[in-house]
Amino acid sequence: MTETTEKAILAGGCFWGMQDLIRKRPGVLDTRVGYTGGDVPNATYRNHGTHAEAIEIAYDPEKLSYRDLLEFFFQVHDPTTKNRQGNDVGLSYRSAIFYTDEQQRRVAEDTIADVDASGLWPGKVVTEVSPAGPFWEAEPEHQDYLERNPGGYTCHFVRPEWKLPRRGESAG
């Protein structure tokens, strides 16, 4: 990444819906979907072992902060369902933040604490926070899937009234 580009790696269920929504955020420069956080080298859709379906995001931190990116991540998927998003069930569909440095780890943990304190979700956040490891890019047919298949399956959506307060602020 350059001085004006940073990288984030997030998993929040099926990567198609996550990519479709995140790519539209101002400050997002590029996205690609793939597999990370698991045990299979050279992971593929048919053989990704314990990897999560994830999205790698290149973004301009002068236009989009990591915190704002995480707030959007928590708005468009349910971080309180273990190994599940919508109809997708299994370890591949877990909620996870794969941090690239200690600053990202701190921001992730602080954001999760705010989500838990907010009461915006019915349960506690189960999102794992782990160091980033190898990211195996998914096959071409999975990249930009919902742009090519506008009626395709997704379990992600923007919740317009969802605004994350920081602990100590009024949720009002």
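Since the model is a prediction, treat every value here as computed from it, not as a measurement.
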Closest non-hydrogen atom pair between L64 and P26, with its separation: CB-O, 3.6 Å
Backbone N/O of V125 and side chain of D116: donor-acceptor pair under 3.5 Å: yes
Y45 and Y35 aromatic ring geometry - parallel, tilted or perpendicular at 30°/60° bounds: tilted
Side-chain (D114) to main-chain (R167) donor-acceptor, under 3.5 angstrom: yes
Residue pair R84, D78: steps toward the salt bridge (Lys or Arg N to Asp or Glu O under 4.0 Å) verdict: CA-CA 9 Å; R84 178 182 192 147; D78 183 346; over 6 Å; no
Residue pair Q19 / E147, side-chain heavy-atom distance below 4.5 Å: no
Any L69 side-chain heavy atom under 4.5 Å of I57 side chain: yes
Between CG on residue D68 and NZ on residue K63, distance to nearest 0.5 Å: 14.5 Å
Y59 and Y66 aromatic ring geometry - parallel, tilted or perpendicular at 30°/60° bounds: parallel
Heavy-atom check, side chain of W162 versus side chain of F74, under 4.5 Å: yes
Criterion side-chain contact (heavy atoms from CB on, under 4.5 Å) on L164 and T111, from CA distance to verdict: CA-CA 9 Å; L164 182 62; T111 306; 4.0 Å; yes
L120 side chain reached by P165 side chain, heavy atoms, under 4.5 Å: yes
Worked verdict on E53 versus V33 for side-chain contact (heavy atoms from CB on, under 4.5 Å): CA-CA 7 Å; E53 287 193 9; V33 297; over 6 Å; no
E139, CD atom: more than 12 neighbouring heavy atoms under 6.0 Å: yes
Parallel, tilted or perpendicular: rings of W16 and H142 (30°, 60°): parallel
Heavy-atom donor-acceptor pair, R166 side chain to D110 backbone, under 3.5 Å: no
Euclidean distance, I112 CD1 relative to I97 CD1, rounded to 0.5 Å: 4.5 Å
Non-hydrogen atoms of P41 and W136 that approach each other most closely: CA-CZ2, 3.7 Å
Heavy-atom check, side chain of F73 versus side chain of S95, under 4.5 Å: yes
Within one Ile-Leu-Val-Met-Phe-Trp-Tyr cluster: I55 and L91, side-chain cutoff 4.5 Å: no
Criterion side chain to side chain contact (heavy atoms under 4.5 Å, CB included) against E56, the qualifying member of T36, I9, D30, T31: I9
Same apolar cluster: Y99 and V28, side chain cutoff 4.5 Å: yes
Rounded distance (nearest 0.5 Å) linking atom CZ of R46 with atom OG1 of T44: 8.5 Å
Test item: L10 and H77 side chains (from C-beta on) under 4.5 Å apart, heavy atoms: no
Within one Ile-Leu-Val-Met-Phe-Trp-Tyr cluster: Y93 and L146, side-chain cutoff 4.5 Å: no
W121 with M18, same ILVMFWY side-chain cluster at under 4.5 Å: yes
Check: V129 main-chain N/O paired with E109 side-chain donor or acceptor under 3.5 Å: no
Side chains of N83 and V126 in contact at under 4.5 Å (non-hydrogen atoms): no
Salt bridge (Lys or Arg N to Asp or Glu O under 4.0 Å) contacts in which one or both residues fall within residues 120-131, not counting sequence neighbours: R94-E128
Nearest atoms (heavy-atom pairs only) where G37 meets H51: N-ND1, 3.4 Å
Derivation of the side-chain contact (heavy atoms from CB on, under 4.5 Å) call for D20 and H156: CA-CA 9 Å; D20 191 56; H156 299 91; over 6 Å; no
F135 reachable from F98 in the ILVMFWY side-chain graph, under 4.5 Å edges: yes
Residue pair G34 / F15: nearest heavy atoms and the distance that separates them: O-CD2, 3.5 Å
Stacked cation flag R25 on F72, 6.0 angstrom / 45 deg: yes
Donor-acceptor contact below 3.5 Å, side chain D39 vs main chain T50: yes
Q75 and K163, any side-chain heavy atoms less than 4.5 Å apart: no
Closest contact, heavy atoms only, A132 versus T100: CB-CG2, 4.3 Å
